[in-house]
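Note that these values count all heavy atoms, side chains included, but never hydrogens, waters or copies made by symmetry.
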Amino acid sequence: ITLTFESPIFDGDSWDFAVYENSFASDVYLELGFVEVSTDGIHFVRFDSAFHSSVTPCGSCSGTAAEMGGLAGSYMVGYGTPFDLSALQNSPQVRDGTVDLTSINYVRIVDIIGDGTTLDSFGRGIVDPLSNGPTAGFDLDGIAVLNQRP
């Protein structure tokens, strides 16, 4: 899903936005997604991601939030996953000006197939719950914008 913001998000002093997903009320049953941003809606830059555990706490659940980074949905319902645009400052598309971190008009969430075949930025498989079930998939609740131009 791609969300459009008429007033752009910008890179402020700290977290710039947070993504909310409606996981169960624990850090065990999580559904994850990659987060990408764009100035023009065509060229997107993806936040780096890390899934540090190949072992899950149960047969049908993901790792805990402490074992993940840069993945939307890595906290239980009610807690957004924060993102800081400054983490993207060395991306080639940011460095060449294609994506302007002072003017982000689009945020895209890309669902992760959580059976271990989708890889994080380091080539490790990502495991999230119910990857083969009828309720599998990232369930976006919303995005809270913390730094936005008027």
Side-chain angles (χ1 to χ4, degrees), residues 1-53 61-131 135-150:
I1 186 169
T2 302
L3 290 90
T4 304
F5 297 87
E6 189 172 313
S7 297
I9 301 169
F10 69 92
D11 183 19
D13 290 335
S14 186
W15 304 115
D16 300 307
F17 63 95
V19 179
Y20 290 80
E21 203 272 350
N22 70 348
S23 66
F24 291 117
S26 77
D27 279 340
V28 176
Y29 295 99
L30 305 173
E31 295 170 328
L32 306 171
F34 294 116
V35 176
E36 301 173 345
V37 297
S38 172
T39 300
D40 61 11
I42 298 167
H43 303 93
F44 284 84
V45 176
R46 180 176 285 184
F47 281 89
D48 283 336
S49 60
F51 189 87
H52 294 249
S53 177
C61 54
S62 67
T64 62
E67 298 169 329
M68 299 176 213
L71 295 168
S74 56
Y75 294 97
M76 68 178 167
V77 68
Y79 295 91
T81 304
F83 290 88
D84 186 345
L85 291 169
S86 69
L88 301 172
Q89 65 188 349
N90 290 319
S91 167
Q93 288 184 306
V94 171
R95 292 173 64 93
D96 72 12
T98 303
V99 175
D100 179 0
L101 299 181
T102 67
S103 187
I104 297 300
N105 296 302
Y106 303 88
V107 175
R108 180 164 62 191
I109 309 299
V110 179
D111 188 34
I112 291 173
I113 299 170
D115 62 2
T117 59
T118 301
L119 305 179
D120 71 3
S121 298
F122 302 95
R124 296 180 295 233
I126 300 171
V127 180
D128 73 8
L130 307 171
S131 57
T135 61
F138 193 86
D139 303 307
L140 180 65
D141 276 353
I143 292 181
V145 178
L146 304 170
N147 291 311
Q148 189 170 31
R149 302 243 177 259

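- Rounded to the nearest 0.5 Å, atoms CG (N147) and CG (L101) are 12.0 Å apart.
- One finds the CG atom of L71 at 10.5 Å from the CD1 atom of I109 (value rounded to the nearest 0.5 Å).
- Nearest heavy atom pair, residue E21 against residue D139, reads OE2-N, 3.0 Å.
- Side chain of R149 to main chain of P8: no donor-acceptor pair is present (N/O by atom type, distance under 3.5 Å, no hydrogens or angles).
- A donor-acceptor pair is defined here as one N or O able to donate and one able to accept, closer than 3.5 Å; no such pair exists between the side chain of D11 and the backbone of D84.
- Residues D16 and L146 have side chains not in contact (no heavy-atom distance under 4.5 Å, counting atoms from C-beta outward).
- Taking 4.5 Å as the limit, some side-chain heavy atom of I104 sits within range of a side-chain heavy atom of V99.
- A distance of 8.5 Å separates CH2 of W15 from OG of S86, quoted to the nearest 0.5 Å.
- Among T117, I113, D120, the single residue meeting the side-chain contact (heavy atoms from CB on, under 4.5 Å) criterion with I126 is D120.
- Counting all heavy atoms, side chain and backbone alike, G80 lies closest to P82 at O-CD, 3.4 Å.
- Counting heavy atoms from C-beta outward, S74 and L32 have side chains that approach closer than 4.5 Å.
- Rounded to the nearest 0.5 Å, atoms CZ (R46) and CD (Q93) are 12.0 Å apart.
- Between L88 and V37 there is a side-chain heavy-atom pair separated by less than 4.5 Å.
- The closest side-chain heavy-atom distance from V35 to F44 is not below 4.5 Å.
- Side-chain contact check for M68 versus T81: every heavy-atom pair is 4.5 Å or farther apart.
- Put simply, the side chain of L140 reaches to within 4.5 Å of the side chain of L3, judged on heavy atoms.
- Of the listed residues (Y20, F34, F17), just one forms a ring pair (Phe, Tyr, Trp, His ring centres under 6.0 Å) with F83, and that residue is F17.
- Here L119 contributes atom CG and R124 contributes atom CZ; the two are 10.5 Å apart, rounded to the nearest 0.5 Å.
- Counting non-hydrogen atoms of other residues, nucleotides and ligands closer than 6.0 Å to CG of D96 gives a total above 12.
- To the nearest 0.5 Å, atoms CG (D100) and CG (D40) are separated by 10.5 Å.
- The nearest pair of heavy atoms linking A50 to F122 is CB-CE1, 3.9 Å.
- Nearest heavy atom pair, residue S49 against residue G70, reads CB-O, 3.9 Å.
- For the pair Q89 and V94, the tightest heavy-atom approach, listed with the atom from each and the gap, is O-CG1, 3.8 Å.
- A pairwise comparison of heavy atoms in S38 and H43 identifies OG-O, 2.8 Å as the closest pair.
- Within the 4.5 Å cutoff, the side chain of V19 has heavy atoms near those of the F138 side chain.
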